[in-house]
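Each ligand, and each atom within it, is numbered from 1 in the order the structure gives. If you're wondering where the values come from, they're calculated on a predicted model, not measured in any experiment.
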Amino acid sequence: MQERTSPIQPAELPKILKQIHTEAQALYGRGKVASYIPELAQVPAHQFGISVALIDGSTYSAGDAFTPFSTQSVTKLFTFVMALKLVGDDLWERVGRDPSGARYNSLVQLEPENGKPRNPFINSGALVIADILTSRYTSMPNALLSELRRLTDNPHLGWNSKVAKSEIDTGHRNIAMAFFMKSYGNFNNAPELVLENYCRQCAIEMTCTQLAQATMFLANDGQDITRHGHPGEEYLSPSAARRVNALMLTCGAYDAAGDFAYRIGLPVKTGVGGGIVAIVPHVGTVAVWSPELDSTGNSVLGSFALERLVQLTGLHHA
Ligand code: GLU
C-alpha cells in the first residue's frame, strides 16, 4: 500500500480539539434533543464530546468524550457492514444505494418503489438489513454487540433497555414501515421480531472514543487495528471498505447528506442520539456527540465541530 502523509499534525490536536470544544459550547440551545423516543428526551442537552483516533493507534479527545450515549442510527453502519459481509452484492436486490432526499423515517418513497428502501442508512433500509441479520442469527442484537465489542476491544458494551423499550412502545412509524415492506415481500421475518431487534440495535451505547475506535477499519482499507486484538486482521475487503465510505458520503446524513459533503467532505454516519462518526481514509476517524439536533435530525454541535476540524486541519477529503 502506498504510504501517505497525514494532513493532521498530531501534536496540534489537543489544542485544536480544545478550541473546537470552546467554540461549540456557544451553540448550545440552537437545536432540540430528540423527544419522539421519550427516553431520549431525558438526556441532558448541554453535553459535547469529540475524539480523533489515528491509524497509528493514538487517540485525542475533548469534552464529554468518555460519556456513553445512545448511538441510534450510527449502528446502521455496523449492521450494513455485517449484512454486506454475509450476503455480498445480493444485498442490493433488497435495498438501494442512492440518497433518499427525504427524512430518515419517511415512508413516501416505499410505495412507488415497491417496498425497496433507497439505502441502508435510512430507517426503512436499516429495517431490511435487520431482517437479513435476524434470519441469520439467533439473537441479532447480540451478534451486533459481539462485533462492536471486538472492534472496540471492550467486552462491556451493551444496549440501554429503557431506551429500547421506549422505542418499541412508541415507534409507530417504524412499525408501519416494517409491515408495509412485508406487504411487498421485502421482509422475511415477523415484523414484530425485527422491530424489537432493531430497537435494541439503536439503543446500544458507546462513547466517542469507542465509536472512533470501532470504525477504524473503514479508515484503514478494511483492516481492524484493535489495540490488544489482532493487529492488521482484515475485517472487510479494501474494495468493500471503499464502497461503505462512498455510501456514507452520499447517504450518511439523511437528507442533509449533500450539505454535509459540501461543508465537511468526509464519509459520515449520524444518529438522532446526537452522535456522528466521520472517516478520514488512511488517516483516522472522528467521533463527535452532542444531543441537540437540527431540523434534519443531525447534531448541531457535532456537525459544527466536524466542519471546524476540517477547516483547522485541512482534512477535507472530497
Ligand atoms: N431509532 C431511531 C429511529 O428508528 C433511529 C433514527 C436515527 O438515529 O436516525 O427512529
Side-chain angles (χ1 to χ4, degrees), residues 31-43 68-80 95 99-108 110 117-131 133-134 140-141 144 148 159-181 187 191-206 208 211 215 247-248 251-257 259-260 268-278 287-300 302-303:
K32 287 205 178 77
V33 178
S35 58
Y36 73 100
I37 300 172
E39 202 59 36
L40 284 187
Q42 309 302 319
V43 177
F69 62 89
S70 196
T71 50
Q72 294 296 322
S73 266
V74 179
T75 57
K76 291 172 182 164
L77 176 58
F78 300 103
T79 52
F80 165 56
V95 58
S100 69
R103 278 185 69 75
Y104 62 93
N105 57 4
S106 172
L107 287 116
V108 290
L110 283 176
R118 275 289 172 94
N119 69 66
F121 292 157
I122 50 175
N123 286 11
S124 49
L127 283 164
V128 167
I129 300 285
D131 182 59
L133 298 179
T134 298
M140 171 259 172
L144 170 60
L148 291 174
W159 62 77
N160 181 319
S161 308
K162 279 188 181 169
V163 173
K165 177 160 186 342
S166 183
E167 185 169 4
I168 290 166
D169 292 344
T170 58
H172 308 299
R173 290 187 74 89
N174 290 336
I175 294 169
M177 258 174 238
F179 279 89
F180 200 51
M181 289 189 287
F187 233 67
E192 296 88 339
L193 173 64
V194 177
L195 285 157
E196 194 168 321
N197 286 342
Y198 170 78
C199 292
R200 293 203 173 120
Q201 160 193 334
C202 291
I204 289 175
E205 295 187 330
M206 292 173 90
C208 288
L211 184 56
T215 45
L247 205 72
M248 291 172 75
C251 307
Y254 317 128
D255 45 332
D259 184 54
F260 264 65
V268 297
K269 184 68 199 91
T270 66
V272 296
I276 309 176
V277 67
V288 282
W289 165 63
S290 188
E292 290 183 331
L293 308 180
D294 63 19
S295 58
T296 60
N298 295 309
S299 172
V300 174
S303 56

- Item | Pair Val74-Met206, side-chain contact (heavy atoms from CB on, under 4.5 Å): steps then yes or no | CA-CA 10 Å; Val74 179; Met206 292 173 90; over 6 Å; no
- Item | Minimal non-hydrogen separation, Gly302 against Ser290, with atom names | N-CB, 4.4 Å
- Message: Between Gln72 and Cys202 (side chain of the first, backbone of the second, donor and acceptor by atom type, cut-off under 3.5 Å), is there such a pair?
- Response: yes
Pairs under 3.5 Å, N/O atoms on ligand 1 and on the protein: can you put them in a table with the distances?
residue  : atom   : partner : partner atom : Å
ligand 1 : 1 (N)  : Gln72   : OE1          : 2.5
ligand 1 : 1 (N)  : Glu167  : OE1          : 2.8
ligand 1 : 1 (N)  : Glu167  : OE2          : 2.8
ligand 1 : 4 (O)  : Asn123  : ND2          : 2.9
ligand 1 : 4 (O)  : Glu167  : OE2          : 3.0
ligand 1 : 4 (O)  : Asn174  : ND2          : 2.8
ligand 1 : 4 (O)  : Tyr198  : OH           : 2.7
ligand 1 : 8 (O)  : Ser73   : N            : 2.9
ligand 1 : 8 (O)  : Ser73   : OG           : 2.9
ligand 1 : 8 (O)  : Tyr254  : OH           : 3.3
ligand 1 : 8 (O)  : Val272  : N            : 2.8
ligand 1 : 9 (O)  : Ser73   : OG           : 2.7
ligand 1 : 9 (O)  : Tyr254  : OH           : 2.2
ligand 1 : 10 (O) : Tyr36   : OH           : 2.6
ligand 1 : 10 (O) : Asn123  : ND2          : 3.2

- Indicate yes or no for a side-chain donor-acceptor contact from Arg173 to the backbone of Asn105 under 3.5 Å, with no hydrogens or angles considered. yes
- Kindly indicate, with the supporting measurements, whether the criterion side-chain contact (heavy atoms from CB on, under 4.5 Å) is fulfilled by Asn298 and Phe260. CA-CA 10 Å; Asn298 295 309; Phe260 264 65; 3.8 Å; yes
- Task: Could you label the plane-to-plane angle of the Phe80 and Phe121 rings as parallel, tilted or perpendicular, counting under 30° as parallel and over 60° as perpendicular?
- Result: perpendicular
